[in-house]
Amino acid sequence: MKQKECTVSAVKALTENIYEMKLSDIGEACIVPGSFVNLTIPGLFLRRPISVCDVNGDELTIIFRVVGHGTEKLSAMEPGEKLPVLLELGNGYDLSKAGERPLLIGGGVGIPPLYYLAKKLHELGKEVTAVLGFNTASELFYTEEFQRYGKVIVTTVDGSAGVRGFVSDALPEGCSFFYACGPLPMEKALYKKLNIDGQFSLEERMGCGFGACMGCSFMTKLGSKRICREGPVFDREVLPWDE
Amino acid sequence: MGRMSTDLCGIRIDNPIIPASGTFGYGYEFAEWYDINLLGTFSFKGTTRQERFGNPTPRIAECASGMLNAVGLQNPGVDKVISEELPKLKQVFHKPVMANISGFSVDDYVYVSKLLDEQESVGWLEINISCPNVHGGGMSFGTTCEGAYEVIRAVKNECRKPVIAKLSPNVTDIVSIAEACEEAGADGISLINTLLGMRINLRTGKPLLANTTGGLSGPAVFPIAVRMVYQVSKAVHIPVIGMGGVSSAEDVIEMMMAGAAAVEVGAANLADPMACKKIIETLPSVMDRYGIENLSDIIGKA
Ligand SMILES: Cc1cc2nc3c(=O)[nH]c(=O)nc-3n(C[C@H](O)[C@H](O)[C@H](O)COP(=O)(O)OP(=O)(O)OC[C@H]3O[C@@H](n4cnc5c(N)ncnc54)[C@H](O)[C@@H]3O)c2cc1C
Ligand SMILES: Cc1cc2nc3c(=O)[nH]c(=O)nc-3n(C[C@H](O)[C@H](O)[C@H](O)COP(=O)(O)O)c2cc1C
Ligand code: FES
């Protein structure tokens with residue numbers, strides 16, 4: 001965990017309400033795929049947790065959807081503005097479990113953390129497949145970027161691009177391990193449908209993001225865990241989703 | 001002795017800055033951010049007789065200049081606090097710590113207090129009387145003079161360490177409750193706990209917190225806290241610890257002028273893990289700016 005005063009180096013709209021932001025001056029940080037950062041947005045009391053989408057040297061990329069005050073203000077920030085950030089939060093995905101043919105499954109703004117994961121798995125020589133789910137063609141982002149690191153399957157709910165339906169309707173066979181991030185209903189559907197081992201990234205409203213307030217507790221099969229600290233990534237075996 | 005040092009119920013502390021219960025865990029999380037020995041002390045997470053998972057999530061909501069929480073006293077229970085948390089804390093913190101205690105019956109409070117009173121690392125017992133009294137119909141002990149008196153008296157009878165009564169602001173007359181605690185033998189008073197609040201999710205039209213209501217804290221409550229600390233410290237003859245919205249060295253000075261002998265800092269630690277360190281480091285220069293030689297000189301100046 002580290003505190004840094006980063007500089008906004010670029011903000012770009014990827015779709016109507018999804019933005020990509022680059023932050024420079026992150027310094028020497030040890031950032032793993034699936035971890036998150038917590039941003040202080042001027043004028044707002046609590047920080048905003050956002051997943052790490054990519055790291056290039058001293059520069060961090062995040063992708064976020066505008067859903068409220070904080071993300072709205074964030075999207076309006078200009079290059080050169082300072083942004084206090086807590087880095088290296090959360091556990092991240094376990095790359096050692098990937099096997100040879102890892103499957104990455106993301107929905108909406110659950111997709112960004114999988115990008116840095118795909119890059120790292122590709123570096124390890126793994127045969128990556130990514131299933132990326134969207135509502136409709138106009139909401140697609142990063143599908144071409146993902147192709148640098150593996151095979152990409154796109155789904156849209158209305159069928160306007162790729163496979164019609166949900167990510168759970170387009171799961172390939174023969175994968176060794178899965179890594180998922182997306183809305184809870186999507187994750188629960190995958191939990192039921194997939195018969196390989198894997199990991200899910202969860203989210204919760206956070207007070208601190210670094211383990212101090214017990215705001216983000218989640219009851220797993222191994223007892224109570226903090227999503228910000230022992231999570232956000234959990235092995236499927238520990239999730240209480242059997243009903 | 002430094003310019004910031006102060007006496008808290010018979011124990012000298014290097015400075016009056018004390019992270020508030022529930023915002024500092026059992027301390028060691030913050031030891032990753034800075035050397036927590038520079039604090040006066042800190043109040044650890046509200047501890048109960050049995051382990052508690054707390055309320056369903058969402059437990060946290062934001063508002064202008066503050067936050068709501070409905071954590072619901074999640075803690076591992078007093079036995080585990082003694083066998084696991086305190087030994088871990090000992091590795092990183094070498095000063096007496098303030099034990100924050102909660103209960104749902106007088107018996108609970110006494111049971112937990114007695115066990116923590118015996119711990120060498122515990123300096124003070126801060127009794128959070130804002131919890132509902134399950135045997136008394138769910139009304140909080142801290143909302144009636146009788147309930148407050150009963151809990152503090154019972155704990156005082158069984159414990160040797162200084163007992164600090166932590167008051168809820170959700171009452172009509174906080175002064176009379178503070179007086180009841182003093183009469184029951186409290187060695188100090190701390191206030192304020194959170195103010196009951198609520199937010200609604202506009203998308204669902206339903207309460208945002210799973211618990212429906214939650215406790216408001218942060219800068220939004222500061223003027224209320226200053227007012228209550230002022231009123232209570234004028235009325236009682238025991239030290240008062242002021243808290244509620246403190247987030248800067250200036251706030252600390254204001255709280256002490258209102259009558260606080262020491263100051264707790266809560267929500268500010270969540271927004272910025274370095275908050276207390278920054279306050280302690282900037283205090284001397286802010287004291288200089290206002291011509292304050294020793295912090296203890298300004299207590300109750302207002
Ligand atoms: C570990 C983690 C990683 C995340 N990664 C991403 C990401 O990569 N891209 C992305 O677009 N979003 C991500 N989110 C969700 C993102 O944090 C929220 O969308 C954002 O906080 C909303 O802020 P706001 O001020 O716009 O909304 P408001 O509704 O105005 O926010 C009010 C409060 O609620 C909190 N909040 C609201 N929605 C959420 C939510 N879904 N999850 C957690 N807190 C919420 C805010 O942080 C704030 O404290 C992530 C959440 C978590 C917990
Ligand atoms: C997340 C959170 C958890 C809290 N838990 C406790 C607790 O367990 N026991 C207690 O006495 N007070 C608890 N409090 C109240 C604080 O100790 C403090 O009284 C209150 O937040 C006002 O101070 P602040 O405005 O600086 O936060 C909690 C507050 C927050 C924000
Ligand atoms: S958000 Fe504070 S403990 Fe997780």
Side-chain angles (χ1 to χ4, degrees), chain A residues 1-5 30 37-49 65-73 83-90 183-184 202-232 240, chain B residues 19-30 32-34 42 45-46 51-76 199 201-203 208-210 214 217-220 245 247 266-275 277-278:
Chain A
M1 301 192 296
K2 277 205 187 83
Q3 190 175 46
K4 255 329 209 191
E5 176 106 331
C30 172
V37 298
N38 218 358
L39 311 167
T40 297
I41 296 170
L44 298 181
F45 187 70
L46 293 176
R47 289 173 186 259
R48 297 299 190 266
R65 173 180 282 145
V66 172
V67 295
H69 297 298
T71 44
E72 173 91 53
K73 286 194 178 191
L83 200 56
V85 179
L86 301 183
L87 298 160
E88 301 176 0
L89 303 178
L184 199 57
L202 306 185
E203 69 174 32
E204 188 48 83
R205 287 179 185 248
M206 295 184 169
C208 64
F210 52 87
C213 72
M214 308 309 270
C216 65
S217 295
F218 173 68
M219 190 52 95
T220 69
K221 287 182 185 165
L222 300 179
S224 172
K225 303 287 176 197
R226 293 163 296 186
I227 289 184
C228 72
R229 183 94 189 188
E230 287 85 31
Chain B
S21 178
T23 63
F24 216 72
Y26 290 92
Y28 47 85
E29 264 86 21
F30 278 84
E32 292 180 43
W33 293 103
Y34 61 88
F42 75 92
K45 177 66 198 170
E51 174 183 6
R52 286 174 58 83
F53 173 67
N55 292 322
T57 54
R59 294 176 174 182
I60 304 286
E62 194 187 45
C63 65
S65 296
M67 63 178 286
L68 298 165
N69 91 83
V71 168
L73 291 171
Q74 178 169 10
N75 78 96
R199 303 262 3 224
N201 182 333
L202 299 188
R203 287 199 188 86
L208 207 153
L209 295 167
S217 66
S247 45
N269 295 302
L270 306 182
D272 178 3
M274 301 299 214
K277 181 175 195 275
K278 286 182 191 159

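Each chain gets a letter, A, B and so on, in the order its sequence line appears, and its residues count up from 1.
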Checking heavy atoms, do the side chain of [X], its backbone, both or neither come under 4.5 Å from chain A?
X: B:Glu32; answer: side chain
X: B:Asn269; answer: backbone
X: B:Pro273; answer: both
X: B:Leu202; answer: neither
X: B:Ala64; answer: neither
X: B:Phe30; answer: side chain
X: B:Phe24; answer: backbone

Given 3.5 Å as the limit, does a donor-acceptor pair link the side chain of [X] with the main chain of [Y], or not?
X: B:Glu51; Y: B:Pro76; value: no
X: A:Glu230; Y: A:Lys225; value: no
X: A:Arg205; Y: B:Ala61; value: no
X: A:Arg48; Y: A:Thr71; value: no
X: B:Arg199; Y: B:Leu208; value: no
X: B:Arg52; Y: B:Gly72; value: yes
X: B:Glu29; Y: A:Phe210; value: no

- Query: Can you tell if the side chain of A:Arg47 reaches within under 4.5 Å of the side chain of A:Leu89, non-hydrogen atoms only?
  - Reply: no
- Message: Would you say that B:Tyr26 contacts B:Asn75 through its side chain, given a criterion of any heavy-atom pair below 4.5 Å between the two side chains?
- Response: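 Heavy-atom side-chain distance check passes, below 4.5 Å.
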Part of [X] lying under 4.5 Å from any heavy atom of chain B:
X: A:Met219; result: both
X: A:Glu204; result: side chain
X: A:Leu86; result: side chain

- So which of A:Gly70, A:Cys213, A:Cys216 has the largest heavy-atom pair count under 4.5 angstrom toward chain B?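 The option with the most such pairs is A:Cys213.
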- Heavy-atom pairs under 4.5 Å with chain A are the metric here; pick the option from B:Pro58, B:Gly66, B:Gly22 that has the most. B:Gly66
- Item | Max heavy-atom pair count under 4.5 Å with chain A, selected residue of B:Ser65, B:Ala271, B:Ala268 | B:Ala271
